[in-house]
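Notes for the one structure printed next.
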Amino acid sequence: MHHWNWLIVIYLFLGGLGAGAYLASFAAEKRWLGRNSHLARIGYYLAAPIVAFGTLLLVFDLGQGLHKPWLLIRLIFNFGSVMTWGVYILAAFIVVGLLKAFFVFKKKQAPQVITLAGAVLALATGAYTGLLIAVIEAVPFWNTLVMPILFVVSALSTGLSLTTLVAHFMEKEGSANPLEGKVHLALVAAELLIVAIFFGMMALGFKGPVGAKSASLVMFGSYAIVFWGYFIALGLLLPLVVFGREYLLAKQSAPKVATEGASTGKETAIAAEAEHSSYLVLATDLSILIGGFALRALIIFTALPIWDGKLL
Amino acid sequence: MNSSKKVLLTRRSVLKAGAVAAFALAVGITPTVVKADTAQDAPKNPLQKGFIYDQSKCINCKMCVNACKEVNQWEEGTVWRRVLAGGKDGKHYLSYSCNHCEDPACASVCPVLAYKKRDEDGIVIHNPDVCVGCKYCMFACPYHVPQFSPATGRINKCHFCYERQDKGEKPACVSACPTRALNFGLLSDIRKTSGATAQLEGMPNPELTKPSWVLIPKA
C-alpha cells in the first residue's frame, strides 16, 4: 500500500544529496577536511540546483501540480504540518544556496551569516526529509526519531561522495586530502551503527508487529537484494573497507613521519593524497550514492500501514 | 607543527560518539504506551457526532455503500464507505467510512489546510477544491479513509452528509440501512450503549486518533 512513487524517492534522495553537498564544501571551507581542499567550491555549486530539481519533481507528483498549480501557494498555510515546514526550509535553502554559490563564483568572500545560514538550512533540509515520514504514527516503520538522524547522516555521506566525484573531474584548484577519507569513514561507520540498531529494534518488535513485519520484508523479503546488495554491501560495507584500509595505511605510516624526518613525511602525504583520489575511491563514492538512493527507496516502499485494511 | 595532533578522529571519540548515538536512538525508538479504552471516555467536544455500528445486525447487503455512492457522486477511483467481511466464518462484517476523529491525523498533516473539523458537530470535512493531491493524509490516517482519485488528482472522503444533517436529515448510509445495523448520534450518548467499543481485533489503537465511532462486536 504505497501511495508515493519513485518521484518521492528521488525527491527525498536529492534533498539529502544537495544538503550534503553544501555541507561538504562548508566543511572544506572551514578546513575540517584539511588545507587547500579541492571540495571548497563544487558542493556550493551543486547544492541549490539539486534541491531545486528535487522540489520540481515533487510538484509533478502532486495531483494538482499540472492541473491547478496556483493551489500550491497554500502549501505554506499549515504551520503544524511537517510538509509545510519543508516548503519553507527548502525554499530558504535554495535561495541561500544560490546566493552562496554566486559569491563563490565571483571569488568574493560571502558574508558569514549567509554561509552559516546555508549550513543550518542544509542540516534542516536533510533532517526534514526524514522528519516528514517520522511523524506518521500510522506507519510504525517510519514513526521513530531514527529517520531524521539516519537521513542526515546519509545526506552528509552522499553529499561528500558527489562533491568528491565532481571535484575530481571538474575542480582544478586544491587537492584530495586523506582527511576526507577519515571523515567519510566516520560517517559510514555511524550510518552502519544506526542501521544496525534501527533494524535490530524494529525486528525485536519495539514498534509492534507491523514494524517487525516491515523490517523482515526489508531484510528477508522481496526487498532483501536491494537491502543487502545495494544498501549494505555497496553503500556501507565497501566504503567501510576502502576508507578503513586507507585509514589504517595512513596510521601505519604516521610514526614514520615523526621519526624519519620531513622528506619521508612529505612523500607519505603525497602517497596518501594519491590514495584518496584513486579510482577505487571514486568507485566507492559512486557506490555510496547507489546505497543512499537504495535506502530512500527501501524506506518508502516497505512502509506497512499499522492496519492492513482487513477484518480479522 | 606536529601533524599527529591534528587527527580529528580518535578511537575514543568514535566510541564515545557511538555510545551517545546508541543512547539517543534507544530513546528515540522507545514506543509510547497507549491505553485502548476511549470507548468509555467522554468526548472532548460534547457536540461530537459519530456512527454506531452493530455487527450482529449487519447482513452485508451493501445498501449503505450504494446509497453513499449515489448521493455523494464518488469521484472515479475513490471509495467513501465500504463493508469488510472477516471472522472465522467470513460472516463478521464491518461497514465503515470516516470516523471523524477527535484528533484527525489527516487534518494535522495536511499542508494546505484542506481539512476542517466543524465545532458544531465535530464532522471532519475535506475540501477537494483546495487539495493539492500530495497524499500525505493517506499515510497519516490509520483507517485508510482519505481516497485519491487519479482522474481528478485530489483526495475525496466521507463528510457525514453534513449538508443533509444541516437540513435535519440522516446521512444517506444510515437512511438506507434496512436492519438498523448502522446508525448515528451524539457520541456521548451512543458510547453508553452496552457492549460498545472503539476497536475491533487487529484494528488500530483508538488512542492514535480517537475515532468518533462506536462498535458493537458480534459475540
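Order of the sequence lines fixes the chain letters, A, B, ..., with proteins taken first and strands second; residue numbering starts at 1 for each chain. The shown structure was predicted, so the numbers you read here are calculated from the model rather than taken from an experiment.
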- Using a cut-off of 6.0 Å, state whether more than 12 heavy atoms not belonging to Lys218(B) lie near its atom NZ. yes
- Note on the structure: Under 4.5 Å to a heavy atom of chain A? For Ala140(B) that would be both
- Validation row: Phe77(A), Val112(B) side chains within 4.5 angstrom (heavy atoms): no
- In short, Val109(B) meets Ser81(A) closest at the heavy-atom pair O-OG, 2.5 Å
- If you take all heavy atoms of Val132(B) and Leu62(A), which pair is closest and at what distance? O-CB, 3.5 Å
- Leu311(A) and Gln55(B) have their tightest heavy-atom pair at CD2-NE2, 4.1 Å
- Nearest atoms (heavy-atom pairs only) where Phe139(B) meets Ile136(A): O-CG2, 3.3 Å
- Selection from Pro150(B), Cys131(B), Cys141(B) maximising heavy-atom pairs under 4.5 Å formed with chain A: Cys131(B)
- Query: What residues form a side chain to side chain contact (heavy atoms under 4.5 Å, CB included) with Ile306(A), not counting sequence neighbours?
  - Reply: Ala138(A), Pro140(A), Pro142(B), Pro204(B), Leu208(B)
- Any sub-3.5 Å donor-acceptor pair from His3(A)'s side-chain atoms to Tyr136(B)'s backbone N or O? no
- Message: For chain B, which candidate among Ile73(A), Val135(A), Ile133(A), Leu132(A) shows the most heavy-atom pairs at distances under 4.5 Å?
- Response: Leu132(A)
- Query: Which atoms of Leu200(B) come close to chain A, meaning under 4.5 Å heavy atom to heavy atom: side chain ones, backbone ones, both, or neither?
  - Reply: side chain
- Region of Trp85(A) in contact with chain B, defined by heavy-atom distances below 4.5 Å: neither
- Query: Within the distance-only criterion (no hydrogens, no angle test), does the side chain of Gln64(A) pair as donor or acceptor with the backbone N or O of Gly153(B) below 3.5 angstrom?
  - Reply: yes
- Task: Determine whether more than 12 heavy atoms belonging to other residues, nucleotides or ligands lie under 6.0 Å from atom NZ of Lys44(B).
- Result: yes
- Item | Interface moiety of Tyr115(B) toward chain A, non-hydrogen atoms closer than 4.5 Å | neither
- Query: Would you find more than 12 non-hydrogen atoms of other residues, nucleotides or ligands less than 6.0 Å from Lys213(A) atom NZ?
  - Reply: no
- Centroid-centroid distance, Trp4(A) to Phe148(B), less than 6.0 Å: no
- If you tally heavy-atom pairs under 4.5 Å against chain B, which of Leu75(A), Thr84(A), Ile76(A) wins? Leu75(A)
- Note on the structure: Here the pair of heavy atoms bringing Arg74(A) nearest to Val130(B) is NE-CB, 3.4 Å
- Any chance CG of Asp119(B) has more than 12 other-residue heavy atoms, nucleotides or ligands included, within less than 6.0 Å? no
- Query: Given that the side chain runs from C-beta out, which part of Thr209(B) has a heavy atom under 4.5 Å from chain A: side chain, backbone, both or neither?
  - Reply: neither
- Output the distance between atom CG (Asn78(A)) and atom OG (Ser108(B)), rounded to the nearest 0.5 Å. 8.0 Å
